[in-house]
Amino acid sequence: MPVFHTKTIESILEPVAQQVSRLVILHEEAEDGNAMPDLAVPVRAVKAAVDNLVRVGYETVNSSDDQILKQDMPPALTRVEESSLLLLDASDLLRADPYSGPARKKLIEGSRGILQGTSALLLAFDESEVRKIVRVCKNVLEYLAITEVVDRMEDLVTFVKNLSPVLTRMTKNVDAREKELTHQVHRDMLLRSLEQVKNLTPVLISGIKIFITAKQSGQGLVEAQNNRDYTVRKMSDEIHEIIRVLQLTTYDEEEWD
Amino acid sequence: EQILEAAKSIAAATAALVKTASAAQRELV
């Protein structure tokens, strides 16, 4: 079961997560340990990277119109920033005493905090990206909802002209997202629903066409309407399923299990 | 994109720091 739910987050955090757990294990196995080397240079490198992340993070928060991102990102940035101060403390303490126990604790707490804070930050950013895709999906749902007012061939032409680019955008976004996920079950669910939507699109257009013809001829109107509405419902259900799966993380499923 | 790059830098710098600290400890274990 993957720990990180996207390949991007995994590629960024997995190596540092491994290093941090190794340090924790070593610390637990050898409480007093060897003398620590001077960590001033690597700690300064971390601090510089943290300062840059904080700057970029607040720029992102200020330029975004996503209220949830604006709310979620600052605590993660604070966590990272505070953790980097623990590392600076650890480095100072170790310079005075390379065997310092409190310094080792601060080192572990600081590196763990940076890992957790960066993870929270990446998660907040990723969720914001998912909300963008969800908005595109909801746009398609809005178009599907107006199917019932399409009762002339001219309207159908306009309907298809408007629906096609939104549908293409949704397909492209969901397809790209599917490739990003580490959880195979979620990937399969997205692919299956997307395939259904693709297959149902020509069925919908043909259904609307049959409905328009039936309305003009006055024959088989109820059946044509039922068929059209059934296809709209099926497509909407699949898009709702896509939205649901997009918002899932591996953690959700473990919690559910 | 900038966020991802900045996060990559932090992760790399932290991993390097922790690796240096671990290396000193490992000699004892």
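So you know, we letter chains A, B, ... as the sequences are listed, proteins then strands, and number each from 1.
- Salt bridge A:Glu129/A:Lys132: present, at least one basic N to carboxylate O contact under 4.0 Å.
- Annotation: residues 70-85 of chain A contacts chain B through A:Met73, A:Val80 [non-hydrogen atoms, separation under 4.5 Å].
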Stepwise side-chain contact (heavy atoms from CB on, under 4.5 Å) test for A:Gln19 and B:Lys19: CA-CA 6 Å; A:Gln19 290 294 341; B:Lys19 204 172 175 182; 3.6 Å; yes

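- Under the 3.5 Å distance criterion, with hydrogens and angles disregarded, no donor-acceptor pair is assigned to the side chains of A:Thr6 and A:Asp126.
- The two residues A:Leu115 and A:Ala17 make their nearest non-hydrogen contact at CD2-CA, 3.7 Å.
- With a threshold of 4.5 angstrom between heavy atoms, A:Leu87 approaches chain B through side-chain atoms but not through N, CA, C or O.
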Enumerate donor-acceptor pairs with a distance under 3.5 Å from any side-chain N or O in residues 46-55 of chain A to protein atoms, sequence neighbours excluded.
{"from": "A:Lys47", "atom 1": "NZ", "to": "A:Asp51", "atom 2": "OD1", "distance (Å)": "2.7"}
{"from": "A:Lys47", "atom 1": "NZ", "to": "A:Asp51", "atom 2": "OD2", "distance (Å)": "3.4"}
{"from": "A:Asn52", "atom 1": "OD1", "to": "A:Arg55", "atom 2": "NH2", "distance (Å)": "2.7"}
{"from": "A:Arg55", "atom 1": "NH1", "to": "A:Glu59", "atom 2": "OE2", "distance (Å)": "3.2"}

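- Only the side chain of A:Thr60 comes within contact range of chain B, with at least one heavy atom under 4.5 Å from a heavy atom of that chain.
- Between A:Lys7 and A:Glu180, none of the side-chain N atoms (NZ, or NE/NH1/NH2) sits under 4.0 Å from a carboxylate O, so this pair counts as no salt bridge.
- The shortest non-hydrogen separation linking A:Leu86 to A:Lys106 is O-CB, 3.8 Å.
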